[in-house]
Amino acid sequence: MSSDSGRNGAGDIPRPRAILFDWDNTLVDTWVVIHHALKTTFEAMGQKPWTLAEAKDRVRESAREAFPKLFGARSEEALKVFYATYEADHLEMLTPLPGAEAMLKALAGEPDLFLGLVSNKKGTLLRLEAEALGWAPYFGSMVGANDAVKDKPSPAAVEMALASSGLISGPEVWFVGDTDIDMTCAVATGCTAILLHPDPPAITEFAGCEPNHYIHGCDALIELFQAS
């Protein structure tokens with residue numbers, strides 16, 4: 001894996017024809033509203049809520065994949081509580097991560113470069129949030145949970161995101177995200193895995209789904225693209 005410190009030469013990473021982004025906590029900070037909705041849901045189900053730190057460590061799958069494991073026969077009831085709580089104030093709580101908008105604007109201006117979203121946030125909410133920020137025009141596709149047959153890390157989500165581009169998954173598609181499920185999705189589809197996170201990964205943190213490159217923020221992705 002290459003890192004920020006070695007990004008002056010990005011010869012090991014092909015220049016992308018498409019870049020697919022995760023959404024939550026890759027481009028926007030949504031932990032406060034996610035944690036509040038989860039806390040409300042756990043309490044409604046009579047379970048001990050996760051702390052914010054626990055939520056950050058454990059939230060990976062879409063709600064449709066995770067809730068049956070967490071709440072069993074009450075998963076549909078839990079989904080209704082979660083989404084009612086989340087939708088009450090998520091648009092007001094949206095916080096773009098530093099440099100995200102400038103990065104997207106710059107990349108969207110690159111000729112022959114396709115940008116897309118692949119998120120485990122419910123697709124309708126994902127698109128509402130992108131539109132609320134005025135970012136929807138930057139993306140050729142916005143795929144969220146429940147849009148594809150299976151959610152990320154399934155290749156089906158990536159295939160759906162690339163369908164309108166005429167491209168297929170492979171090294172010339174960069175997959176940019178902040179968690180192991182993003183890197184797993186990238187590896188499963190043969191895409192170039194880019195970890196975007198303020199802290200560098202621990203040595204064994206991504207065992208079996210190691211990112212091809214680590215960057216600490218959105219500005220660094222522009223530098224990586226220019227060096228590719």
Side-chain angles (χ1 to χ4, degrees), residues 2 7 10-28 62 96-97 99-179 181-197 209 211-215 217-228:
S2 50
R7 69 175 180 269
D12 57 330
I13 296 179
R15 189 171 184 83
R17 298 179 66 192
I19 302 178
L20 302 179
F21 291 94
D22 173 48
W23 181 251
D24 291 308
N25 309 302
T26 295
L27 298 176
V28 295
S62 66
L97 287 174
E101 184 167 15
M103 174 195 69
L104 291 173
K105 184 176 182 179
L107 292 174
E110 290 289 334
D112 303 318
L113 178 65
F114 180 87
L115 302 183
L117 292 174
V118 179
S119 171
N120 272 343
K121 169 167 282 168
K122 188 161 68 170
T124 52
L125 299 180
L126 172 68
R127 291 181 283 276
L128 276 175
E129 292 185 356
E131 290 163 5
L133 291 174
W135 292 4
Y138 296 141
F139 301 107
S141 64
M142 294 182 281
V143 175
N146 304 346
D147 288 336
V149 176
K150 290 189 176 181
D151 302 325
K152 186 172 64 177
S154 169
V158 170
E159 291 168 4
M160 187 174 189
L162 291 174
S164 64
S165 72
L167 302 171
I168 61 172
S169 58
E172 291 183 328
V173 176
W174 289 6
F175 196 110
V176 181
D178 68 310
T179 67
I181 204 166
D182 297 314
M183 301 302 99
T184 298
C185 188
V187 170
T189 54
C191 296
T192 296
I194 310 290
L195 178 68
L196 194 163
H197 196 276
C209 59
N212 298 106
H213 201 94
Y214 158 73
I215 51 175
C218 294
D219 291 344
L221 184 64
I222 290 289
E223 295 179 30
L224 183 63
F225 174 80
Q226 292 171 342
S228 65

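Scope of the values below: all heavy atoms of this structure, side chains included, with no hydrogens, waters or symmetry mates. We're numbering straight along the sequence, starting at 1.
Under the rule for a side chain to side chain contact (heavy atoms under 4.5 Å, CB included), the partners of Arg17 that lie at least two apart in sequence or sit in another chain are Leu167, Glu172. Glu110 is linked by a side chain to side chain contact (heavy atoms under 4.5 Å, CB included) to Arg15, Leu113, Phe225, counting only residues two or more places apart in sequence or in another chain. Checked against side chain to side chain donor-acceptor pair (under 3.5 Å), Trp135 has no partners two or more places apart in sequence or in another chain. Scored by the side chain to side chain contact (heavy atoms under 4.5 Å, CB included) test, Ala102 finds no partners at all (sequence neighbours excluded). Taking the side chain to side chain donor-acceptor pair (under 3.5 Å) definition, one finds that Asn146 meets it with Arg64, sequence neighbours left out. With sequence neighbours left out, the salt bridge (charged side-chain N to carboxylate O under 4.0 Å, His left out) criterion links Asp24 to Lys121. Every side chain to side chain contact (heavy atoms under 4.5 Å, CB included) that Thr184 has, sequence neighbours left out, goes to Pro153, Cys209.
Here side chain to side chain donor-acceptor pair (under 3.5 Å) pairs that include residues 152-161, with residues two or more places apart or in two chains, are Asp22-Lys152, Lys152-Asp182.
Without hydrogens or angle criteria, Ser141 side chain to Ala161 main chain gives a donor-acceptor distance under 3.5 Å. No donor-acceptor pair closer than 3.5 Å links the side chain of Ser228 to the backbone N or O of Pro14. Panel note: side chain Tyr138, backbone Ala130; no donor-acceptor pair is recorded below 3.5 Å.
No hydrogens or angles considered: a donor-acceptor pair under 3.5 Å links the side chains of Thr26 and Asp178.
For the pair Gly144 and Asp151, the tightest heavy-atom approach, listed with the atom from each and the gap, is O-OD1, 4.2 Å.
Counting heavy atoms from C-beta on, the side chains of Leu224 and Ile13 come closer than 4.5 Å.
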